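For reference, the structure discussed in these notes is given below.
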Amino acid sequence: GQYIKTDGSANLAFATLPTASQDMVLLQTVTITSNTSTASLTAFSNSSYNSYHITIDVVPQTDSESLFAKFSTDGGSSYSGASYSHHRVLGESTTLYGQQGVSQSYINVCGFPIHNVAAKGGASGTMNIFNAGNTAIGTSYDASMGTYRNSSTLYSAHQHGQHEIAQDTDAVQFYMSSGNLTLATFKLYGLK
């Protein structure tokens, strides 16, 4: 478990390998295999990580519902329902749309309603959270998602937004606009 090192003057000694520092660490996985109303990621560690990366794969119980999210400051005991804003670019076939939302009570993570057929993939993508532990500014995020809105057309959305409340964000909860999550996997990674 050690190696031989030299000091550059022909002197040899045994030494222990340094522990590798990982810049991206898996903190939590939430897997849903039957109808569940919410998925909460609560393994934030703002003293260790500056930002977070979340991978998302979800199939809703009800067809054509949207994936929403909210932030928490108390480890997931409650979630803030105010002051989320965003700028979004949506893609549909050969058309692009721009959209701006102000003071919503939630984050619309996907941008489009999601088809609930698992064979079509539901929705998948990523969400990044920045400045989660900085109480002087609002927590910002970006999300990139793809989904089938109906059985034959693929839609995509990219957005950047901010929770316009300065807070120590330490959890995020995902849920559908109506109905439950049927199949889903959420993975939370800490980024240094």
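Since this is a predicted model, take the numbers as computed values, not measurements. In what follows, residues are counted from 1 in the order of the sequence shown.
When side chains are defined from C-beta on, H86 counts as touching Q99, because their heavy atoms get closer than 4.5 Å. Residues H115 and D63 form a side-chain contact, since some pair of their non-hydrogen atoms from C-beta on lies under 4.5 Å apart. No side-chain heavy atom of K70 sits under 4.5 Å from any side-chain heavy atom of V172. The side-chain heavy atoms of T182 and N116, taken from C-beta on, include no pair separated by under 4.5 Å. The shortest distance between side-chain heavy atoms of I129 and F44 falls below 4.5 Å.
From T126, atom OG1 reaches atom CE of M145 across 8.5 Å, with rounding to the nearest 0.5 Å. Put simply, OH on Y155 and OG1 on T95 are 9.5 Å apart, with the number rounded to the nearest 0.5 Å. I32 CD1 to S37 OG: the interatomic distance, rounded to the nearest 0.5 Å, is 8.5 Å. Note: L154 CG to T147 OG1 = 7.5 Å, rounded to the nearest 0.5 Å. Between L188 atom CG and I56 atom CD1 the span is 10.5 Å, to the nearest 0.5 Å. Note that OG1 of T33 and CG of L183 are 7.5 Å apart. Values are rounded to the nearest 0.5 Å.
Taking all atoms of both residues into account, the shortest heavy-atom contact from A39 to V30 is CB-CG1, 4.1 Å. Of all heavy-atom pairs between S72 and S77, the closest is OG-N, 4.2 Å. Of all non-hydrogen atoms in A171 and G76, the two that sit nearest each other are CB-N, 3.8 Å. S51 approaches F130 most closely through the heavy-atom pair OG-CD2, 3.6 Å. Between A157 and C110 the shortest heavy-atom distance is CB-O, 3.0 Å. Closest approach of D74 and D170 over heavy atoms only: N-OD1, 3.3 Å.
F14 CZ: 12 or fewer foreign heavy atoms inside a 6.0 Å radius.
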Test log, rule side-chain contact (heavy atoms from CB on, under 4.5 Å), inputs Y49 and K192:
CA-CA 5 Å; Y49 303 102; K192 292 188 177 181; 3.8 Å; yes
So Q173 and S40, side-chain hydrogen bond (donor to acceptor under 3.5 Å, both in side chains) or not? Walk me through it.
CA-CA 4 Å; Q173 183 180 73; S40 297; 3.3 Å; yes
Go through the steps to decide whether D168 and T73 satisfy the test side-chain contact (heavy atoms from CB on, under 4.5 Å), and finish with yes or no.
CA-CA 6 Å; D168 181 14; T73 61; 5.5 Å; no
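Side-chain contact annotation: N131 with T139, donor-acceptor N/O pair under 3.5 Å absent.
Transitive grouping of hydrophobic side chains (ILVMFWY, heavy atoms separated by less than 4.5 Å) keeps F174 and F112 in distinct clusters. M176 and Y79 fall into different hydrophobic clusters, defined by Ile, Leu, Val, Met, Phe, Trp and Tyr side-chain heavy atoms under 4.5 Å apart, directly or through other members. The hydrophobic cluster containing F186 does not contain M24, counting ILVMFWY residues as joined when their side-chain heavy atoms lie under 4.5 angstrom apart, directly or transitively.
Between the side chain of Y52 and the main chain of N46, a donor-acceptor pair closer than 3.5 Å is present. E65 places no side-chain N or O within 3.5 Å of a backbone atom of I114 that could act as its donor or acceptor partner. Put simply, the side chain of T6 gets close to the backbone of G8: a donor and an acceptor are under 3.5 Å apart. Side chain of S177 to main chain of S66: a donor-acceptor pair is present (N/O by atom type, distance under 3.5 Å, no hydrogens or angles).
No option in S85, S80, S140 other than S80 meets the side chain to side chain donor-acceptor pair (under 3.5 Å) test with H163.
Relative ring orientation between Y84 and F71 is described as perpendicular, the plane-to-plane angle rising above 60° on a 0-90° scale split at 30° and 60°. Ring geometry, Y175 versus F68: the interplanar angle exceeds 60°, so the pair is classed perpendicular (tilted spans 30 to 60°).
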